[in-house]
Amino acid sequence: MGLMKRPNLLLLLIFLLNLGIRLYLSLKTGSFSSGESYFSLRVIESIFQNGLPMYYDELSFSGRNYVYMPLFYYISSIFSLIPLGLKIILQVIISSLTFIIYYFSYSITNDKRSSLVAALIGSFIPITYSLTVNQVMPYILFLPLILIIYFLIPGLDEKKHVNLFIILTLILVLTDAASFVLLFTLLVYSLFVFLDYFKIDRLKKEILMFVFFLVLIINFLVFKGVLVEYGLNLTGHNFQDFNFLEILYLIGLPLLIFGISGIYYGLTKYHDEKIFVLISAILGIMLMITLKMINIKEGVGLLSICLAVLAAISIKKTYEYLSMTKFEDVKPVLNIFFIIMILVLSIIPAVTSVNYFNEKDLNDLEWARDNVYEKVVMVSPAEEGSLITYIANKTNVIDEIFLLAPNPDERLEDVNTAFGTWSESSALRIFKKYNATYIYLSDFGKDRYQIGRLLYGENKQCFRRERESIYKIVC
Amino acid sequence: MVRINNALEENENRFTKLFAKKNIFYILAILILVLPVIIRAGELKFEDYYFFERASSLDFGKDDLSYSGRDFSYYPLGILITEFFKGFSLAYLIIPFLLGLMSLALMRSIFLDFDEDKNNLYLFSYLMIFSPAFIYCFTNYVKEGFIVTLLLAGIYFFLRKYKIISVLMFFLTCLFGFYSGIIALIILIILSINEKRKYLYYLLSLNAIFYFYYIYMNGLPELLNFNVNNIKNYLFDLGSPYGLSFFLIIAGIFGFRRLWREKYKYYKVYLVLIGFFLLSFLDNKNIIYLGFLITVFGAYGIEFFIKTKWEGEQMKILTILIISLGIVFSGVSHIILSNSFEPGNGLKEVVNSVENETIFSYYSYGIYINYFDNRNVIDSNFHYAPDVNERFIDSETIFSSRRLDKTDEILKKYDVTYILITPWMRKNLWITDEDGLLFVLKYNPLFELVKSKGGYELWKVNREE
């Protein structure tokens, strides 16, 4: 394994592999992979038109307000000036996680080989793939930023990174409401300091205190109304879909095994502040998920990245253990075995986790934009609501942005009933409730509700099929 | 070293000049006390006024509207004061304002007894006028405004050795309610440590006489089997009108750290803090008193930041600025939100559209229902209410049940003729508009929507005679 002697080259190869796969998956279609991406495109359009992000939308939920941090959309609007800029540059940004994970792991383990394996695992986490490939959302900028911030915390006493740390924190706060995670991380971190797990010097204490208050006040100023209305529940949901097995699959088995054992070794064998920063982050994220302050999938995505860094510890331990056994002779074979295992258990699930909307269905929405009266209300599954507003330029009943939306849980339940029921009268009652005159049922919707067609769509007197995925309600 | 000391002194002088302008402080305080009243165009918010005003017109003996008829068993002082000013409605706006100014003067005077540092006094005073508890108590006609002023007067006179007057002030608080009496006792017990106890015994005797008389007249109240407390009530930033500001809590934690340097010197303050905190578990509204105390700690927290030497001086200034802004932001939010508290115009109009009817709603709207001459099934005056536990369970059943027979049976039991639904109820009691009672109302001809405004709905129960 001569390559092992050139870790930087290997690291570059992992980065290029990650970026290559991401770009392939993103560029093979002209569309984006989530409703939230289409929401971002509308915000970017609004920035171009008015110079400001969109804070009121008459099409979403038949009219609603938004509250979000604007910086990501401004940055993306600059990227969008370049052809395919949004697809390419955002993937380059998120692929940089490979380098960050590597250097973070290396700073803990001081071992290039295990850090490389950690970078490989961390680059292909299925859940981050599903959340970031072919997407335009703040989370893409948020993930690398927060990991760099965590990386910088232990070295703050050396003064040289102080400005960078504060600037990155400011960017992070203005990028995504998930920056609350930094607050919780700092709270748990200060608990570790208080319990004398490690000592920090005065300058670092001051900087962290300042950053804590900075993050807090900016979030309070922006989300004050939300906190009053929803309490700490910043997702806007009263309940979140949570499938434990799906989450396990999306984290990936190698990461889970090495990550958790990394926490164990980190706590028992190492006494490194960097490990405590990551463990603080993990505990903080778990607390936020419990308090519904962060979307479960986004929380687990961030958790996985922290686990990836910690995984380097247990990978190093595994190599050390193997070198003491007879397996030492078959080390190259073991390396290959590792790579195959990661390939099968991480890269394949990662690649297959990316969701695509059917091009034909999107064409139907374009047809609706040109041929259907502008002010109609169109029902679709929540995940496709932003496609209705962006592509078809029609009013939707529900979309993915729940925060500050009117009665989101009620609407979600109604839409689920409307698509899942056999009862035409129940469905019509719901359509009437929201003044909906068109239904959009794409392949995605059919999968989502596990139906082959609109269950009550046979009644031609009530439902006229205008396109493959678009029905007009005529009764 | 000399130069450093000089620089520190210079800073401190600048700091003093900036804050210690008594006139500016009082002008700002007056502005804060007046602005919410202007914003809500002189409307009276929160239930205390509406309860006192109606109760003051009742004969001592029977209340026919609350719980559709109950014995008059209310604490008398708020009612008597309200009755005294009847016909002079401006008084209900002026009284909280005057109480606010009086309390500020008392607080400042008491504070100076413990700490002669003028800078700390001004820090404390500025934090106080921006605290949600202060704005809630002294820009609204609520009993807590009277209680806080009386408690402060009690402490003030105790410290000035006018102990009989002090005991009298403390005693008056127990005429506003059970918990205020307990709070007065806690304060006097702690003030009496290392002092002659006879004044404490006076208060104990007076309180005992009052409570015995009260129990003799009304009997023992039914113990409540339910709990209406909510963790959200603790924090203003989560929507509680009298909760603690998050930034004030943080400053308070640092203030505690600063005071703890002197270990047990302030143990009396710590004991009061613990007492108030425990009482807030029994009734969330007691968090108001804790809010006033936390402000003292908050002031020392800011002082801690100012006086501690930091490696990064700019960072220190920015941190202090952020915390102060956070605290000011809570106060300003309270002022801006002052028109959004109940009762809003929608509620008044909807409830006032009928008269002499029995209206069922969430308990927190009961007093407003009574104010407009209608009977309620349950309201927030739980103590001594007839069958209060049963009524609470029945209310919960109505809210959650989608079965008409069950709902109708309970409505018949209390002779309910109307049902009031509010936006708050829709948001907090149900997830969709087909949950529980909303389902029953929507799909049954027995109920008819007769009045609706701003999300407030009045549904008539169309029962055949």
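Throughout, protein chains are lettered first and strands after them, A, B, ... in sequence-line order, and every chain is numbered starting at 1.
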(request) Select one option (side chain, backbone, both, neither) describing which atoms of A:Ile166 are under 4.5 Å from chain B's heavy atoms. (result) side chain

(request) Apply ring pair (Phe, Tyr, Trp, His ring centres under 6.0 Å) to the pair B:Phe246 and A:Phe220, showing each step before the final yes or no. (result) CA-CA 10 Å; B:Phe246 194 73; A:Phe220 259 63; 5.7 Å; yes

(message) Given heavy-atom pairs under 4.5 angstrom as the criterion, report whether the side chain, backbone, both or neither of B:Leu318 touches chain A.
(response) both

(request) Have a look at B:Glu313 and tell me which of B:Met315, B:Glu311, B:Lys316 forms a side-chain contact (heavy atoms from CB on, under 4.5 Å) with it. (result) B:Lys316

(message) Quick check on A:Lys204 against chain B: is it the side chain, the backbone, both or neither that has a heavy atom closer than 4.5 Å?
(response) neither

(request) Can you tell which part of B:Phe236 gets under 4.5 Å to a heavy atom of chain A, answering side chain, backbone, both or neither? (result) both

(message) So which residue, B:Ile320, B:Ile322, B:Thr319, ends up with the most heavy-atom pairs under 4.5 Å with chain A?
(response) B:Ile322

(request) Under the ring pair (Phe, Tyr, Trp, His ring centres under 6.0 Å) rule, what do B:Phe134 and B:Phe130 come out as? Steps first, then yes or no, please. (result) CA-CA 7 Å; B:Phe134 179 83; B:Phe130 282 105; 9.7 Å; no

(message) Report which part of B:Thr308 has an atom under 4.5 Å of a heavy atom belonging to chain A: side chain, backbone, both, or neither.
(response) neither

(request) Determine yes or no for a side-chain-to-main-chain donor-acceptor pair under 3.5 angstrom, with B:Arg258 supplying the side chain and B:Phe305 the backbone. (result) no

(message) Any salt bridge linking A:Lys224 with B:Asp237? Criterion: basic side-chain nitrogen under 4.0 Å from a carboxylate oxygen.
(response) yes

(request) Determine the option with the most heavy-atom pairs under 4.5 angstrom with chain B, choosing from A:Asn407, A:Leu214, A:Leu216, A:Asp414. (result) A:Leu216

(request) Check whether B:Ile250 gets within reach of chain A through its side chain, its backbone, both or neither, counting any heavy atom under 4.5 Å. (result) side chain

(message) Between A:Glu410 and A:Lys433 (salt bridge meaning N to carboxylate O under 4.0 Å), is one present in this structure?
(response) yes

(request) Answer yes or no: is there a side-chain heavy-atom contact under 4.5 Å between B:Asn140 and B:Arg40? (result) yes

(request) Output the residues of residues 183-203 of chain A for which the shortest heavy-atom distance to chain B is under 4.5 Å, in residue-number order; output 'none' if no such residue exists. (result) A:Arg202, A:Leu203

(message) Checking A:Tyr434 against A:Ser62: is there a side-chain donor and acceptor pair closer than 3.5 Å?
(response) no

(request) Pull out the residues in residues 418-427 of chain A that come under 4.5 Å of chain B, heavy atom to heavy atom, sorted by number. (result) none

(message) Among B:Phe304, B:Tyr270, B:Tyr300, which residue satisfies the ring pair (Phe, Tyr, Trp, His ring centres under 6.0 Å) criterion with B:Phe256?
(response) B:Tyr270

(request) Classify the side-chain pair A:Ser380/A:Asn396 by whether it contains a donor and acceptor separated by less than 3.5 Å. (result) no

(message) Keeping A:Arg411 on the side-chain end and A:Pro406 on the backbone end, is there a donor-acceptor pair under 3.5 Å?
(response) yes

(request) Measure from the side-chain N and O atoms of B:Lys453 to the backbone N and O of B:Leu347, and report whether any donor-acceptor pair falls under 3.5 Å. (result) no

(request) Look only at the side chain of B:Asn229 and the backbone of B:Asn284, and say whether a donor-acceptor pair between them is shorter than 3.5 Å. (result) yes

